[in-house]
Q: 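Dumping the structure here so I can ask a few things about it.
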Amino acid sequence: MKKINRPKIEQSEIFNAFNKLEYKNILEEKSINYERYFEYLMELHNFENKKIEEDPLYKPYMKKMYSERFSAKNYPGIYKYYLQIRQAAKYCPYCNFPTHQIKQVDHYFPKAVFPSLSLSVNNLVPICRDCNNTKLEYYSLNKSEMLIHPYYDELANNSFEFLRCNILEEEHIGFIFSIVKLEVMDEIMYRRITKHFEKLELDKLYSSDFEANFSVYIEELKELHFECGESSVKAALERKLRAYRKLNIKPWLFAGYTSILNNGWFFDYYIKNL
């Protein structure tokens, strides 16, 4: 997960790109009040349910405006904003995984439930296909179970601090990634980060990537241990950790190798018996 900058698009630019956009007053009002919904999403939820019940054309119209206009290449005057949002980040901000190319745009609050936010810049977030297929139309009326919002949640950039790795001290070594509560986190933010981590199955993604990386690097560490001893292995691990910090990439690898560096069993038993 990673905090990114919201695309520099005025909401009015998108609305004005449409020819006679219906429900414009509603869309403008809901977009202006977007940040309020982190605290009072139930109000918007109730509004949407009532509007959908009273006006059967409302929901399908908004769905059409997004899928057949905003994200459609044959409407270049509108599609350019879709592309600008999709290209707002190099890596998917939901998983921050370098090889997960951004191919889609996510509705943080799903458009199927909240049609009034279908075209809201604040609600449209670049996302990789894997995260989008996992997230689907997830949302929660309970703030503590909302996922991290890449445009608003600054603490998402503290993953080097809150991501931890525990070693399974077994013959076939294993690694389990989890979230720890930082002093700067209140309970709601901690629960949101944990929910994000679990819902998008980042533990599986990170552990798989770390195990693949470790399976190669351990061969180098094994030779280094045999030729130069434990202190040289620790020095090599410390250099690797500094590199991840400096480049600010793959915090799960930082967490994994930090756990190895600080694990007595790894040095007292594992590396000596490979």
Side-chain angles (χ1 to χ4, degrees), residues 1-4 86 89-108 110 125-140 142 144-150 153 155-182 185 187-219 221 237 240-241 243-245 247-263 265-266 270:
M1 59 195 85
K2 185 177 179 64
K3 165 76 169 60
I4 63 172
R86 202 177 74 184
K90 185 176 181 181
Y91 307 137
C92 172
Y94 282 99
C95 65
N96 196 25
F97 203 79
T99 59
H100 283 194
Q101 295 183 343
I102 295 173
K103 297 290 187 181
Q104 299 170 345
V105 171
D106 172 55
H107 289 81
Y108 178 82
V125 183
I127 192 171
C128 69
R129 184 175 287 108
D130 286 353
C131 284
N132 210 12
N133 289 341
T134 303
K135 180 179 179 288
L136 296 175
E137 295 181 356
Y138 176 82
Y139 74 97
S140 176
N142 182 347
S144 65
E145 294 184 355
M146 292 181 181
L147 302 185
I148 294 302
H149 196 307
D153 294 312
L155 280 175
N157 283 341
N158 288 21
S159 53
F160 277 91
E161 283 73 42
F162 62 66
L163 189 58
R164 291 290 188 274
C165 175
N166 293 320
I167 296 178
L168 297 177
E169 299 176 356
E170 302 171 350
E171 181 179 355
H172 298 290
I173 192 170
F175 306 94
I176 299 176
F177 289 83
S178 59
I179 304 296
V180 296
K181 188 175 183 294
L182 305 177
M185 291 180 186
E187 186 63 27
I188 289 178
M189 179 55 68
Y190 170 65
R191 291 174 64 183
R192 287 183 62 201
I193 290 175
T194 301
K195 183 66 178 182
H196 186 105
F197 191 73
E198 294 173 350
K199 174 61 182 174
L200 298 183
E201 301 180 347
L202 299 186
D203 54 338
K204 296 178 182 178
L205 178 65
Y206 294 166
S207 62
S208 175
D209 186 61
F210 180 75
E211 288 171 6
N213 189 286
F214 174 78
S215 67
V216 176
Y217 190 52
I218 188 59
E219 296 301 315
L221 294 181
L237 287 168
K240 181 177 279 290
L241 294 177
Y244 287 131
R245 268 292 198 179
L247 297 174
N248 195 31
I249 59 171
K250 293 197 170 186
W252 54 94
L253 296 188
F254 179 87
Y257 286 118
T258 297
S259 69
I260 288 175
L261 178 62
N262 297 323
N263 187 273
W265 170 84
F266 177 84
Y270 183 77

Q: What is the ring orientation for Tyr108 with His149, classed by angle as parallel under 30°, tilted 30 to 60°, or perpendicular over 60°?
A: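 The rings of Tyr108 and His149 sit tilted, inter-plane angle from 30° to 60°.
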Q: Between Leu205 and Cys95, is there a side-chain heavy-atom distance shorter than 4.5 Å?
A: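 Contact flag for Cys95/Leu205 side chains = yes.
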Q: Does Glu169 CD have over 12 foreign heavy atoms under 6.0 Å away?
A: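 It does: Glu169 CD has more than 12 such atoms within range.
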Q: Distance from Trp265 atom CH2 to Leu168 atom CG, nearest 0.5 Å?
A: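 Result: 8.5 Å between the selected atoms.
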Q: Any non-hydrogen side-chain atom of Ile173 less than 4.5 Å from a side-chain atom of Ile167?
A: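 With C-beta onward as the side chain, the pair touches.
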Q: Should the pair Lys250 and Phe97 be classed as cation-pi, given the thresholds of under 6.0 Å to the six-membered ring centre and 45° from the axis?
A: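 The answer is yes, since Lys250 meets both limits relative to Phe97.
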Q: What closest approach, in Å, do Ala89 and Ile102 show between heavy atoms, and which atom pair accounts for it?
A: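 Between these two residues, the closest heavy atoms are O-CD1, 3.1 Å.
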Q: Are the side chains of Pro251 and Asn96 in touch, meaning some heavy atoms are under 4.5 Å apart?
A: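 Of all side-chain heavy-atom pairs linking Asn96 with Pro251, at least one is under 4.5 Å.
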Q: At what distance, to the nearest 0.5 angstrom, does CD of Glu211 lie from CD1 of Ile218?
A: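 Glu211 CD to Ile218 CD1: 13.0 Å, rounded to 0.5 Å.
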Q: If I take atom CG from residue Asn166 and atom CZ from residue Phe175, how far apart are they, to the nearest 0.5 angstrom?
A: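 Reported to 0.5 Å precision, the distance equals 11.0 Å.
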Q: Do other residues, nucleotides or ligands put more than 12 heavy atoms under 6.0 Å from the NZ atom of Lys181?
A: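 Counting neighbours around NZ of Lys181, more than 12 heavy atoms of other residues, nucleotides or ligands fall under 6.0 Å, so yes.
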Q: What is the minimum heavy-atom distance between Lys3 and Asn157, and which atoms define it?
A: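 Where Lys3 meets Asn157 most closely, the heavy atoms are N-OD1, 3.0 Å.
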Q: Give the intermediate values and the outcome of side-chain contact (heavy atoms from CB on, under 4.5 Å) for residues Asp153 and Arg192.
A: CA-CA 10 Å; Asp153 294 312; Arg192 287 183 62 201; 2.8 Å; yes
Q: Give the C-alpha distance, both sets of side-chain angles, the deciding distance and a yes or no for side-chain hydrogen bond (donor to acceptor under 3.5 Å, both in side chains) between Asn142 and Ser144.
A: CA-CA 6 Å; Asn142 182 347; Ser144 65; 2.9 Å; yes
Q: What orientation do Tyr257 and Phe214 show, parallel under 30°, tilted 30 to 60°, or perpendicular over 60°?
A: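 Tyr257 vs Phe214 ring planes: tilted.
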Q: Considering only NZ, NE, NH1 and NH2 on the basic side and carboxylate oxygens on the acidic side, decide whether Glu161 and Arg245 come within less than 4.0 Å.
A: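 Answer for the salt bridge query: yes.
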Q: To the closest 0.5 Å, what do you measure between OH (Tyr244) and CZ (Phe160)?
A: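 Here the interatomic distance stands at 9.5 Å.
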Q: Could you tell me whether the side chain of Thr134 and the main chain of Asp130 form a donor-acceptor pair under 3.5 Å?
A: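 Judged by distance alone, yes, a pair lies under 3.5 Å.
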Q: Please give me the minimum heavy-atom distance between Ser178 and Phe197, naming the atom from each residue.
A: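 Distance-wise, the nearest heavy atoms are CA-CE2, 4.0 Å.
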Q: If you take all heavy atoms of Arg86 and Gln104, which pair is closest and at what distance?
A: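 Residues Arg86 and Gln104, closest heavy atoms: CG-O, 3.6 Å.
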Q: Step by step, work out the side-chain contact (heavy atoms from CB on, under 4.5 Å) result for His196 and Ile179.
A: CA-CA 10 Å; His196 186 105; Ile179 304 296; over 6 Å; no
Q: How many angstroms lie between atom CD of Glu198 and atom CD1 of Ile193, to the nearest 0.5 angstrom?
A: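 Answer rounded to 0.5 Å: 12.0 Å.
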Q: Just by distance, do the side chain of Asn263 and the backbone of Ser259 share a donor-acceptor pair under 3.5 Å?
A: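 The answer is no, because no donor-acceptor pair under 3.5 Å joins these two groups.
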Q: Mind listing the closest non-hydrogen atom pair of Glu145 and Lys195 along with its distance?
A: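 Nearest heavy atoms, Glu145 then Lys195: O-CG, 3.6 Å.
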Q: So Ile260 and Tyr270, side-chain contact (heavy atoms from CB on, under 4.5 Å) or not? Walk me through it.
A: CA-CA 11 Å; Ile260 288 175; Tyr270 183 77; over 6 Å; no
Q: Out of curiosity, Arg191 CZ to Ser140 OG, how far, rounded to the nearest 0.5 Å?
A: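 Rounded to the nearest 0.5 Å, the CZ-OG separation comes out at 9.5 Å.
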Q: Is it true that the NZ or CZ of Lys2 lies under 6.0 Å from the centre of Tyr91's six-membered ring and within 45 degrees of the ring axis?
A: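 Lys2 over Tyr91 ring: no.
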Q: Taking all non-hydrogen atoms of both residues, which atom of Ala255 and which atom of Phe177 are closest, and how far apart?
A: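 Heavy-atom minimum between the residues: CB-CE2, 4.2 Å.
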Q: Are the side chains of Trp252 and Leu202 in touch, meaning some heavy atoms are under 4.5 Å apart?
A: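 A side-chain contact is absent here, since even the closest heavy-atom pair is not under 4.5 Å.
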Q: Please check: side-chain N/O of Lys135 versus main-chain N/O of His107, any donor-acceptor pairing under 3.5 Å?
A: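 Judged by distance alone, yes, a pair lies under 3.5 Å.
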Q: side-chain contact (heavy atoms from CB on, under 4.5 Å) for Cys165 and Thr258? Distances and angles first, verdict last.
A: CA-CA 8 Å; Cys165 175; Thr258 297; over 6 Å; no
Q: Got more than 12 heavy atoms from elsewhere within 6.0 Å of CD, Glu171?
A: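 No, because the 6.0 Å sphere around CD of Glu171 holds 12 heavy atoms or fewer from other groups.
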